[in-house]
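Read the structure below first, then the notes.
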Amino acid sequence: MLILDNDAVFTKAFKAMLTKRDVEPRYTGVGMPNMNAFMERFIGSYKQECADRIVFYGKQMLDYATNEYLAHYHQERPHQGLDNELIILMPRPLDPERAVVLTKRLGGLLKSYQRAAA
């Protein structure tokens, strides 16, 4: 499934190509620009922080980079909409006595700094 807005850039040929590859196009509501706002923001972040900085040499490399970015986005990256907190299910208490640990993904393209676990 692929969610599309009602933009004219999605031609009949493009929609036919999706259907041919067993991808079902789904459409957002007409005149509802905020319906897709969260996904637009995520795609913008993904492009700016990851995709625009890598030359992909195939689908496997694209899938690997996307999965690494998703893990970084959900586990390590602070979010302004959450008062610069992380999206994690069980937050750890901060211990200022612990050393700061650097986590690198994609060869250091994505970095995060956290206190070491207790």
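It should be emphasised that the depicted structure is a prediction, and the values quoted were computed from it without experimental measurement.
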Does atom CD of Q60 have more than 12 heavy-atom neighbours from other groups under 6.0 Å away? no
Applying salt bridge (charged side-chain N to carboxylate O under 4.0 Å, His left out) to K59 and not counting sequence neighbours gives D63
OG1 on T11 to CE on M17, rounded to 0.5 Å: 8.5 Å
Just wondering, are more than 12 heavy atoms of other shown residues or ligands nearer than 6.0 Å to CG in L2? yes
Applying a strict under-4.5 Å side-chain criterion to I, L, V, M, F, W and Y, I'd like to know whether L18 and L62 cluster together. no
Stepwise side chain to side chain contact (heavy atoms under 4.5 Å, CB included) test for V100 and L102: CA-CA 7 Å; V100 174; L102 167 64; over 6 Å; no
Pair I3-Y27, side chain to side chain contact (heavy atoms under 4.5 Å, CB included): steps then yes or no: CA-CA 6 Å; I3 299 174; Y27 301 96; over 6 Å; no
Determine, using the 4.5 Å side-chain heavy-atom cutoff (strictly less than), whether I43 and F56 are members of one ILVMFWY cluster. yes
Can you check side chain to side chain contact (heavy atoms under 4.5 Å, CB included) on T66 and Y64, steps first, answer last? CA-CA 5 Å; T66 301; Y64 175 77; over 6 Å; no
For residues A65 and C50, report the shortest heavy-atom separation together with the two atoms involved. O-SG, 4.2 Å
How far apart are the closest heavy atoms of H72 and K111, and which atoms are they? CE1-O, 3.6 Å
Decide if atom NZ of K47 counts as having more than 12 heavy atoms of other residues, nucleotides or ligands within a radius under 6.0 Å. no
Could you tell me which non-hydrogen atom of R53 sits nearest to which non-hydrogen atom of E49, and how far apart they are? CD-O, 3.8 Å
Would you say the ring centroid of Y73 lies under 6.0 angstrom from that of F42? yes
How many angstroms lie between atom NZ of K104 and atom CG of L110, to the nearest 0.5 angstrom? 12.0 Å
Rounded to the nearest 0.5 Å, what separation is found between the OG1 atom of T19 and the NZ atom of K12? 13.0 Å
L4 and T28: side chain to side chain contact (heavy atoms under 4.5 Å, CB included), yes or no, with the steps? CA-CA 6 Å; L4 306 171; T28 60; over 6 Å; no
Answer yes if the side chains of Y69 and S45 hold a donor-acceptor pair under 3.5 Å, and no otherwise. no
OG (S112) and CZ (R105) are apart, to the nearest 0.5 Å, by 7.5 Å
